[in-house]
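In what follows, a structure is listed as structure tokens, so that the remarks can point back to it.
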Amino acid sequence: VNREERELRIHRILVALDASPHSLAALEAAAELARRFRAELSGLYVEDVNLLRLSELPFAEELSLFSTARRRLDRKEINRQLRAHRVRVRRLISRAGEGAEVRWTFRVSRGRVAPEVLQAASEADMLVLGKMGWSPFTRRRIGSTARAALAAADRMTLFTEEGARVRPPVIVVYDGSPLAQRALATASAIVRRLESAHRLTVLILSTDSEAVSQVKAQADGWLQEQPLDVRYRLLTESTVPKLAQIIWSEEGGALVLPAKSAVLHDDAIVALLRRVRLPVLLVR
Amino acid sequence: MVNIAMKHNKGGTRMMDEKRLAADKLHQHTDPDQFDFETTADLPDLEEVVGQPRAVEAIRFGMGINAEGYNIFAMGPSGTGKRGFIRQFFKERAGDEPIPSDWCYVHDFDHPHRPSAIKLPAGKGVEFEKDMDELVEELKTALSAAFESEEYQTRRQSVTEELKERQAEAFEELQGRAEGKDVALIRTPAGLAVAPVKDGDVLSPEEIQELSEEEQERLKEQVSSLQEEVQAILQQVPGWQRKVREKLNELNREIANFAVGGLIDELKEKYSEHPKVVEHLEAVQESVVENADEFLPEQGQEEGNVAEMLRKAAGRSGPSESMLLRRYKVNVLVDHSETEGAPVVYEGNPTYQNLIGRVEHQARMGALFTDFQLIKAGALHRANGGYLILDARKVLLQPYAWEGLKRALSSDEVHIESVAQMYSLISTVSLEPEPIPLDVKVALFGDRMIYYLLHQLDPDFSELFKVKVDFEEQMDRNGENQELYARLIGSLIQKEDLRPFNPAAVARVIERSARMVGDSDKLSTQVRDVTDLLREADYWAGERDHEIVHAEDVQQAIDAQVYRSDRLRERIYETILRDTFFIDTTGEVVGQINGLSVLQLGDFAFGRPTRITARVQLGKGQVVDIEREVELGGPIHSKGVFILSAFLGGRYAEDRPLSLSASLVFEQSYGGIEGDSASSAELYALLSAIAEVPIQQSLAVTGSVNQHGKVQPIGGVNEKIEGFFDICEARGLTGQQGVLIPESNVKHLMLREDVVEAVSEGRFHIYAVDHVDEGIEILTGIPAGERDEEGNYPEGTINHMVEQRLDKMAKNRKQFASQAKSEEEEETEEEEGEE
């Protein structure tokens, strides 16, 4: 496989927007990557069909988050609110796209949020979305759309949360699998575009100490051809707290993970996602 | 008694010889030999003040007495050296007095518009300022270290997390409860809603329709009960948030207190003797802890923040630098770190603000801004604890300055108030700085007129300026004082850095000084005029390459002074000499006499002869002053003329009506005339006119006269004599010419050298007369005459002739009167006949 083919191609980045703080972080990250990869920034706003249904229920009522006052929710009201959101989201993406000096598009669809997002994502090279939606009670939770994306997205997906930006150094998890190889290539591509120092931290995961050095040699073999400043951290104990601790101590600015791993189970990936604050890119 | 009427001969009468003054009476010379120095360089410096014993006594008293209202007013004409005198006395005393305290203004954290004043020992103010500046710098470092510390960040995070967790727990519990009941919480764009769900999707209306009524009802209940629970939780959120904020504040305070406490305690220890400083430091600590975040480097400033952009555009740093940290600084209003003794301040421009101090404003982003740092001290602040010297006239000329000064003195404190604010002329934010206690001795100096006007018109004045220091403008001229005066001249020469004067030059200066006050027995204490003369004499000595100043240099200086000022005198003399302005200096004329007047032009005075004429005719006994009739004569002049009528009436017409009408006029006078110094001349002209005896035109007369004919002294005698002399000399002295002066003016004679010379050579004469009888004899050559035992004047005397003429006039008048009466009766009869 030659280098060009190995190198990741990202032409279109889809960002799912609902105007929540987390989705703003997603927009920022997406714009940053679009700028680095000269990719098209594509925004999607989904008008939740559940909200429209809710407004048609005879007893539909809305509680204000600030005043806690109740008020009747009807179709017109919901439409007005959705329109306001749309306008706002459009403005945000236009600003982000122009700021990043990339081509940008904006699309509105109506339906159930997760399926709409996943479907739109299949037409892009990367999906970017907030870990949570508009939930008012921000604990380390993964929102329903993010869960759906974790489970079913067929494109690499970047999960962001409020206050975290994509920045060097990048940390990549490598367990020797082909998917991990792809993660390594992706991470390498991002690093090369992100900063001149080209810092990359590779977390070598394996179940035992013998395999670890093999895996490391494997990564090293590929990375030697890359103009990168690589650091290795070898781990035989791949618990979530341990990983989180290493990521924190490395002061990582982005985490690249293979979406499936023999060493890191799906639940562990969800748990890790909940635990760390930095943007996490799941590579498929 | 034998009265011989003697016809006047050109050689002069006995009276002339009797009254003629010897040359040595005309000018009191100062003998240079009385001085035992070679030049003034040998003279010791003069420590004491010359010729002002009263002023010295008064100022000593004024400085010594330490009671309210005993401020000083030094009065006297300008040029007497009042300011230098006061300063010299104040300086002498202030040198031994303690240095007063420094005063600082600091921010008052409870009342930001009222900066508080802090008193510190001399020199400590600047130190305190420096300490506070350093403290602020150290606080910045200490606080940012504390707030960036791991410990703080962790504790802060844990506090915020607590809130989030609490909220999340509550809602997760709700969510859990809802899940079992086919309802779910849904986020709407503007809030929260509870909806019936099935497989994660909200039921559509159709699906609900399909449900049984019971189920629908149940669903509704579930929705509404969950809604209520949600509402209950939401209502608690603000409370939780507040608690978090409180906890964060508490944490901030704890950290800040820890970081700041040590630094401030050090200063508190250092200034423990000054409770007000300690109090201020405590307030500073509190404020720093409250506003700890202001000290931290700014982060995450939203771009596009207008205020921030403006600040950047204005080239200023954020608010923390310019506005907030300023509050911890110290404004040293009065700094005595380099003062020795008590201050002696002279304020040359005593505006209200320069006296009382002011609060300045700065333009910031188009608005006017001020704070305690912009309070500026006034002269009262600087002189506090010492002495302040002010020019009374200047203080009175400046709007509100006088009132401000009085207010400060009577309240014993300086209260900085803006005049513009007082009168609502500006309406920017301003400050009311805490008043500063005032303990100052003020000395005003000014003209006597100002003193008396203030005394009369301003009731506060006598309360506040109880010590009057009255300056003499002249001093006695005796041997001892001349010695002293020589030393004064020596000191002035030294002070002005002039060439030394030899004794003859000093003597000439002293003579000139006597002439300045127009009195041979007095000397001028107008230091300014004397200094001018010294300076100019030095200049002329330089022009002549003299190492030391000689008498001729002094004379040259005097002549040059006169020459520079006498353009108008020359023009007037020229009109006389060219016979445009008629003055006879030879021959004799009836009813015409040369009077003498003085013109004062600025600092230069000169005498001028004026022709006075008198005409008489039959009348009702009045002397008409033509000057008065046309309102060219002043009241004193009129008074003199009325005295003449009284004299005539009293002397010659005791037993019959004074039946003449006389008119007196100053010929060719087109300006106003004031003063009575010509009244004797007018009387002589009148007597001459009545007696029809001519008056010698070679003589000029000055002196006023009283009702009994006594000649009284007048002013400007020297100028008057010199004025007539100059005219006569220009025409050529005949040896007959001279001036009649009152005898009482002889002591004032300090005549020019050339006049004295002419007199001693018999070319010019000065007669000192005491009574008009003496004067008329000199002027006419005919004795006045005295009444004999029968009360008659001897024949051939002036008085006899006057009496005869008046008698004749009275008879004529009587005749006229009876004639007129009979005519009148005839007229009356005619009128009656017509009826």
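Every chain is numbered from 1, with letters handed out A, B, ... down the list of sequences. As the structure is a prediction and not an experimental result, all values here were calculated from the model.
- Proximity to chain A involves both the backbone and the side chain of B:Glu228, based on heavy atoms less than 4.5 angstrom apart.
- A donor-acceptor pair is defined here as one N or O able to donate and one able to accept, closer than 3.5 Å; no such pair exists between the side chain of A:Thr157 and the backbone of A:Ala153.
- Look at A:Asp266 and A:Lys260 and you find a salt bridge, because one of the NZ, NE, NH1 or NH2 atoms lies within 4.0 Å of a carboxylate O, short of that distance.
- A:Leu51 touches chain B through its side chain: at least one heavy atom from C-beta onward sits under 4.5 Å away, while N, CA, C and O do not.
- Classification of B:Glu169 and B:Arg166 as a salt-bridged pair fails, no side-chain N sitting under 4.0 Å from a carboxylate O.
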For B:Ser287 and B:Tyr328: C-alpha separation, side-chain torsions, deciding distance, then whether side-chain hydrogen bond (donor to acceptor under 3.5 Å, both in side chains) applies. CA-CA 9 Å; B:Ser287 157; B:Tyr328 307 116; 2.6 Å; yes

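- In terms of heavy-atom pairs under 4.5 angstrom with chain B, the leader among A:Leu52, A:Val49, A:Leu57 is A:Leu57.
- A salt bridge is absent between B:Lys243 and B:Glu246: the closest approach of a Lys/Arg side-chain nitrogen to an acidic carboxylate oxygen does not fall below 4.0 angstrom.
- Within the 4.5 angstrom heavy-atom criterion, only backbone atoms of B:Val194 (N, CA, C, O) approach chain A.
- Chain B forms the most heavy-atom pairs under 4.5 Å with one residue out of A:Gln81, A:Glu62, A:Arg112, and that residue is A:Glu62.
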